[in-house]
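Both backbone and side-chain heavy atoms feed into the values below; hydrogens, waters and symmetry mates do not. Below, chains carry the letters A, B, ... as their sequence lines are ordered, and counting in each starts from 1.
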Amino acid sequence: MAEINRDKLADVLDDIALLLELKGENPFKIRAYRNGAETVRSFDGDIVQRAAEDNLKDIKGIGDALQQKLHELATTGSLQFHKDLKAEFPDALFELFELPGLGPKKIKVLYDKLAIASLGALQRACESGQVATLAGFGEKTASKILTAIDQRQRFAGRYVLAQAGLDAELILDELRQHPAVTRVAVAGSYRRAKETVHDLDFLVSTKDPAAVLSWFTGREGLEEIIAQGDTKASVRLAKGMQCDLRAVSDAEFPFALLYFTGSKEHNVALRRLALKQNLTLNEYHLAPLEGAKREDPTPALTTEGDIYRELGLNYIEPELREDRGELQAASAGLLPKLIEQENLRGTFHNHTTESDGRSTLEEMVEAAIDLGLDYLGISDHSKSSFQARGLDEERLLQQIQSIRTLNKDHKGFRIFAGSEVDILKDGTLDFSDDLLAQLDYCVASVHASFSLSENEMTKRVIRAMENPHVTMLGHMTGRLLLRREAYAINHDKIIDCAAATGTVIELNCSSKRMDMDWRWWHRARDKGVKCSINPDAHHASHLQNLHFGVRVARKGWLRREDVLNCLPLPEVEEWLRTAKGKRP
DNA sequence: GCCGTTTTCGGCCCGACTGTTTTCAGTCG
């Protein structure tokens, strides 16, 4: 039986939705499958187990048909209905969905009329002029497709959060200085702090949209202008990222900001809520449904908070807007007070030139002080990570001494001596317990043997977490965003083990990692697991990534009290001195 | 396909832009 997990269940439902779209099925049926996929992804509990037991009835969004299909998937590892649908179309056809401008309807026409089922065939058909003759297609469509195929090679199309941040902040600054601009914001997945984004969505309020839009499309160094209308323009930056700008009136601004921040799922849920109150919500206003009776006119709403309040909700922070329970929490007054960057007092898991860092111990300390932190943990690699010049026992003991000495020069700032110790293939650690006991703390991480089965990997990591000297688990899945997949590991079991052993889980906020993934933190938090937001800095400048770490922690519903490195120095010292099983 | 203090049938979020169309379908967010 094929190994089945939560993601596999959700992916099959999404795949069915796509296949049904190609077949031209009822769009609401398609939406039901997509909703089902999202429900599976965000379900709080062991959805695979529930599916195997055929016990999904009370889960909103899963009806008889989806329950039956999920049950078949969970018990047999595959789904006949899915296989049959897939057999109707060649695999290569699905590449076509990656081209902007092509959706299920057009792809179906290409497939039905010209038997086009791959990027190569599509390129040839565009070049030969066949595509332009199809009903609903034309010369421009054909040439746009050719451009899209070409660009697909050059621009992978997604960017990590910190990377997008450079362009986002620059363009925001320029927009703020534009004389015709009143209010400005960057919305979209960047504002929601998704770990990767595919474009940047800017929003301005202005009395002169034409002036702002023409400034936007006239900026220097653009790769292309994708679209330009009266209120909206899209451009591609030289580095390939798409940026959209929307111009609205100042009265419309909060509605547009809410709308363009998304997520799409959050918006849909919000509009459904509005409808229940006989209101209709769009990007311009909140208004009574036509014909609906409403006692009072909607009062002036000038901020997003006003709109939420009008709908009977507390203000929902952008990071939470993923339709993962935030509307219910806002309605019940149960939203968390999310962590803020100024709550961070220090950070663990940082490297120096002793292993593979590029800044010295002293440079790292200066950078931490400049950032306003009160403590910094140094955890260079251990000896098995020879590719990273990992420290052996002798060098680690010397480093501990250097740190103790350097601490004497700093009043009110503390450097903690730690290690990022390798979790070996069998779950044992790279250093003896005696040596680990001499450290202030220890981060344990997997750096090799990524291809173990989920079961073996989970056991391996659990064994390491059961060590009384392991303070925290480093980058839990080893993923590198947009570059390397996470290794297989059972999140539920690791979180349970962290709760049982008092092991902290790291939120590694290196821009390429953001690991453990934000989708799991709410659950971990509720089980009492502590988080440590760590930049895994290999250069003094990488401490800046704490900013994005905090934003992703917010996305995981984390509060100040859930994060170890929000503790003030005296308390974190006390916490580290206390034996692992007895910590608060 | 899902769902119900209007319900077991008839709804299901909404608008801009583009390209192909003489009034709109498709795509995107």
Measure from the side chain of A:A227, starting at C-beta and using heavy atoms only, and say which of B:dT18, B:dC13, B:dA16 lies closest.
B:dT18
Consider the side chain of A:K144, meaning its heavy atoms from C-beta on, and name the nucleotide among B:dC2, B:dG15, B:dG19 that approaches it most closely.
B:dG19
Just to confirm, is there a sub-4.0 Å distance from OP1 or OP2 of B:dT20 to any side-chain nitrogen or oxygen of A:T141?
yes
Under 4.0 Å: is that the gap between some side-chain N or O of A:N267 and OP1 or OP2 of B:dC13?
no
DNA chain B contacts among residues 50-63 of chain A, heavy-atom distance under 4.0 Å:
A:I59, A:K60, A:G61, A:I62, A:G63
Per-nucleotide protein contact along nucleotides 23-29 of chain B, 5' to 3', at a 4.0 Å heavy-atom cut-off (B base, S sugar-phosphate only, - neither), is ---SSSB
Considering every strand and a 4.0 Å limit on heavy-atom distances, what is the contact class for A:Q67: base, sugar-phosphate, or nothing?
nothing
Under 4.0 angstrom, heavy atoms only, what part of the nucleic acid is A:N26 near: base, sugar-phosphate, or nothing?
base
By the Watson-Crick or G-U definition, both distances under 3.5 Å, B:dC28 is matched with B:dG15
Test A:D64 against A:Q68 for side-chain hydrogen bond (donor to acceptor under 3.5 Å, both in side chains), laying out the working first.
CA-CA 6 Å; A:D64 289 340; A:Q68 181 274 319; over 6 Å; no
A:K108, A:R31, A:K29, A:R34 screened by salt bridge (Lys or Arg N to Asp or Glu O under 4.0 Å) with A:E21, the one that passes:
A:R34
Against the six-membered ring of A:Y190, is A:R551 placed for a cation-pi contact (under 6.0 Å from the centre, within 45° of the normal)?
yes
